2 protein chains.
Amino acid sequence: MKFNDFKTEALVTVENSCRQLFMTNRTRFKIKNEELAVKNYEILTNVTLKLCKEKGFQAMSIRDLSKESGLSLGALYYYFSGKDEIVHFLHEQGHRFIQDILTKKTAGIKNPALKLEMAIRSHIFLSEVAPDWFFFFFMETKNLANDMRTIPVLSEIWVEQFFIDILAEGKKANVFSYDNSSLIGAAIKSLLQDWYLKRWRYMQRGITVEQYADFVISIIESYIKPVKKKK
Amino acid sequence: MKFNDFKTEALVTVENSCRQLFMTNRTRFKIKNEELAVKNYEILTNVTLKLCKEKGFQAMSIRDLSKESGLSLGALYYYFSGKDEIVHFLHEQGHRFIQDILTKKTAGIKNPALKLEMAIRSHIFLSEVAPDWFFFFFMETKNLANDMRTIPVLSEIWVEQFFIDILAEGKKANVFSYDNSSLIGAAIKSLLQDWYLKRWRYMQRGITVEQYADFVISIIESYIKPVKKKK
DNA sequence: GTCTATAGCCGGATAGAC
DNA sequence: GTCTATCCGGCTATAGAC
């Protein structure tokens, strides 16, 4: 799988994510015009992510959001009930996002090693397609009130479990050998996260997404593959 | 090296860090009484870290800091010129901290493999002794103004380079085999960070610092050790 | 649905008494 | 050195015209 192919495929999802948001919450929302809603939610999503990347969610004011989006202060409150709800929407969309891609991309792959590779590659590529989104997802979780943290925490655990399950399949099929799947799952997650948390470092060094994905795959495989070769 | 031994050794440094802060900036500071200064900087450091862990630096108000520290609003401004300076102090101290421990602990170790192990273990143990500090160091960097970000960025690069140097020594001595030291350096950093960024996950699963350190060492070594064994 | 204007609050920083 | 009182700017959220 090449990154560019992945990108063209995945972009559709980004656009439609806001429509899905609207459909799901249709009754609760003040705006009723679907096309308008989708268009503006898309703008708001992008602007929010951009501003949060620059200064963080707490420091981003509704006034900033208004200025950058072109919508007035009053109009904004037609799209959400308050600042907190923006975070909630973004988290909701982000979670669905990752879940969809990982399951879709690995569906039907029988060979555990190939499945693991595909899962790792998809996750890294996805975070390259929407880096701000992932950055937000990670950074704007830690300091939230407890009830706002449920989605990110569930998502975190879901992804980790997704990898642990693949590891288990591989062990069963005698393709992998290890005795601490939860640590390996955590390590995979950590390496996936590094790509979007330290993007600037990798850019600085001219490392491409594809190189990074290959590297993560090789380091994990070298740890879990039963040693057979001789040098 | 056992964690408990490390802990008793390292704690001294935590206490004296504030004294060093005072000595270095003596001329600039309004407070002149050394003992008083050190005592209160220590309180302020701890309270700040605690509050930042709970709600983040942006959301922490000077009023919060006043309430929790027992010092009045006015008194606080005797200890720093503004909110931004607090971050700066903490970053300064934190950087010195890590640098000191890593160099001190690995000094005199000739064998690259042992040196790498010691460096990894020390870093993880240190972040276990002062988790809030590391958490702060990581989280409260991203959304800062550019000129406030210099210390953390330098620190980041310094640590990475520290590991890359050890890797290079090992390669030269034919103990390690690899061809992408900067990626491995980044991977090590990423795994070290995971311990303090996702502390709750590891606690949940009953994984101890020592187990985690062993795991990180084993995964890295499995990747860089020249393959000789047969199974 | 979108705008402008404004209510009402909160936070950083300072003044000045002790 | 530490306190209380206060200024003032900026923020979220709402009211009400269009």
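Lettering of chains follows the sequences in order, A, B, ..., and the numbering in each one begins at 1. Keep in mind that this is a model prediction, so the values were computed, not measured.
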In whole angstrom, give the distance that lies between atom NZ of Lys39(A) and atom P of dG1(C).
12 Å
Let's go through Arg149(A) and Asn146(A) carefully: what are the C-alpha distance in whole Å and the side-chain angles of both, what is the deciding distance for side chain to side chain donor-acceptor pair (under 3.5 Å) to 0.1 Å, and is it a yes or a no?
CA-CA 5 Å; Arg149(A) 232 178 349 216; Asn146(A) 276 325; 2.4 Å; yes
Measure CG/Leu44(B) against P/dT2(D) and give the value in whole Å, please.
10 Å
Hey, what's the ring geometry for Tyr41(B) with Phe29(B), parallel, tilted or perpendicular (30° and 60° as the breaks)?
tilted
SB check Lys105(B) Glu9(B) (cutoff 4.0 Å)
yes
Please report, rounded to the nearest Å, how far the C1' atom of dG1(C) is from the OH atom of Tyr41(A).
13 Å
Would you mind reading off the distance between Lys30(B) atom NZ and dG1(D) atom P, rounded to a whole angstrom?
12 Å
Out of dT2(C), dC3(D), dG1(D), whichever nucleotide has its closest atom nearest the side chain of Ser72(A)
dT2(C)
Partner set under salt bridge (charged side-chain N to carboxylate O under 4.0 Å, His left out) for Glu128(B), not counting sequence neighbours:
Arg199(B)
Would you mind reading off the distance between Lys67(B) atom NZ and dT4(D) atom P, rounded to a whole angstrom?
13 Å
Taking dC3(D), dG1(D), dT2(C) as options, the one with an atom nearest any side-chain atom of Tyr78(B) is dG1(D)
Report yes if a side-chain nitrogen or oxygen of Tyr79(A) is closer than 4.0 Å to either non-bridging phosphate oxygen (OP1 or OP2) of dT2(C); otherwise report no.
yes
Once base and sugar-phosphate atoms are separated, protein heavy atoms under 4.0 Å mark nucleotides 10-16 of chain C, 5' to 3', with B, S and - as -BBBB--
To the nearest Å, how far apart are Asn33(A) CG and dG1(C) P?
5 Å
Both conditions, 6.0 Å and 45 degrees, for the charged tip of Lys189(B) above the ring of Phe162(B): are they met here?
no
Are Val216(B) and Asp194(B) close enough that some pair of their side-chain heavy atoms sits under 4.5 Å apart?
no
